[in-house]
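For reference, the structure discussed in these notes is given below.
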Protein chains: 2
Amino acid sequence: MTAIEQFLEQKNIRPTAMRILVYQFLDTKEIAVGLTAIEHAFDKAERTTLYRTLKTFEEKGVVHQIDDGTGTTKYALCEAGCNCDVEQDLHLHFHCTKCNETTCLTDHKIQPMNLPDNFTAEDVNLVVKGICDKCND
Amino acid sequence: MTAIEQFLEQKNIRPTAMRILVYQFLDTKEIAVGLTAIEHAFDKAERTTLYRTLKTFEEKGVVHQIDDGTGTTKYALCEAGCNCDVEQDLHLHFHCTKCNETTCLTDHKIQPMNLPDNFTAEDVNLVVKGICDKCND
DNA sequence: GACTAAATGCACTACCGTTGCATAAACTTA
DNA sequence: TAAGTTTATGCAACGGTAGTGCATTTAGTC
Ligand SMILES: [Mn+2]
Ligand SMILES: [Mn+2]
Ligand SMILES: [Zn+2]
Ligand SMILES: [Zn+2]
């Protein structure tokens, strides 16, 4: 049993062929990717299966969704030790308007918000748009 | 000529009947509203016209778009004196997961972001999800 | 191997944003 | 005012994405 299979089982996810492939693919990418991008990365890939794979991954705390404002949801592997399924790992996301890539800035945590009276926060989404390091010369 | 007509002309927007109605509608709402909500607010309303009206309003700095993560773009009137068309008015937005309403927290400005080397910011979107004051008893 | 539960493939729906184009309205200028 | 020009509107259609229902296959369980 490979390390990935072990990892998935430990997360209560049956390590099917497709799931392992998706995990491996996400692991090679250090950017967040959308469903269509994953679909195109494989020759024979069923969109629905990928969709449900990512949904499962998210529920079990393997990936987290990113809404970068482009209209297509992105996914990225959670950091090792991240307990997304229990408590949020609220880090900043960056979307480059030039190369169109979305990056997790996991080191840049979001500090607790100051809200008006009687507003209670459950989740925070912070996306910065601009030019990424690769596109800045 | 009414005050609204004057205001629109000053923003270089022809004050047509529909545009005045849309402006008035947005003015009554203190929350951000989506295209479909505006459509349903009028008996005889053409979705495309509303869409283009809002687009024009946005280009001329009358409204600003809000991506609250629900998948439907919301619009809200800019504050008096806000120069959205020139420079951004980066305030916080709040989406209530109970009543599903999105609010501009115009008093809560977004402070400049601390980014990694060679990342340059052009725009920031900060949305807090939770329970709003009306829904908190 | 028989049984059961989960994963997959395929078809199809719903919704939203967006565009093209013909028509109608409004503004301009002679 | 009438002709000409720009702008706004109405209608139809497209494209993309998320999501669901259901039959079939695959994988664990006994
Ligand atoms: Mn992330
Ligand atoms: Mn706002
Ligand atoms: Zn880039
Ligand atoms: Zn509420």
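In what follows, chains are A, B, ... by sequence order, proteins preceding strands, each numbered from 1. Just so it is clear, the structure is predicted and the values come from calculations on it, not from any experiment.
Taking the six-membered ring where the residue is Trp, B:F94 and A:F119 present perpendicular rings, their angle passing 60° and hence far from 30°. Classification of the A:F57-A:Y23 ring pair by plane angle, with boundaries at 30° and 60°, yields perpendicular.
A:Y75 is not connected to A:I66 by any chain of hydrophobic side-chain contacts under 4.5 Å among Ile, Leu, Val, Met, Phe, Trp and Tyr, and they are in different clusters.
Within the 3.5 Å criterion, the main-chain N or O of B:T2 finds a donor-acceptor partner in the side chain of B:E5.
For C:dA7, neither phosphate oxygen OP1 nor OP2 lies less than 4.0 angstrom from any side-chain nitrogen or oxygen of A:T16.
Atom CZ in A:R14 sits roughly 7 Å away from atom P in C:dA6 (whole-Å rounding). For the pair B:F42 CZ and D:dT9 C1', the computed distance is 15 Å after rounding to whole Å. Taking atom CD of residue B:E46 and atom C1' of nucleotide C:dA22, one finds them 14 Å apart after rounding to whole Å. When the C1' atom of C:dC27 is taken as reference, atom CD of B:E9 falls 11 Å away, rounded to whole Å. For the pair A:L50 CG and D:dT20 P, the computed distance is 17 Å after rounding to whole Å. When rounded to the nearest whole Å, the span between CZ of A:R19 and P of D:dT26 equals 15 Å. Put simply, CD on A:E59 is 11 Å from P on C:dA7, counting in whole angstrom units. Nucleotide D:dC11 holds its P atom 13 Å from the CE atom of B:M18, rounded to whole Å.
Side-chain contact check for A:T102 and A:H95: at least one donor-acceptor pair (N or O, by modelled atom type) lies under 3.5 Å.
Residues B:T70 and B:K74 share a closest heavy-atom pair of OG1-NZ, 3.4 Å.
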Which nucleotides of nucleotides 13-20 of chain C have their base under 4.0 Å from a protein heavy atom (B), which only their sugar-phosphate (S), and which neither (-), written as one string 5' to 3'? ---SSSBB

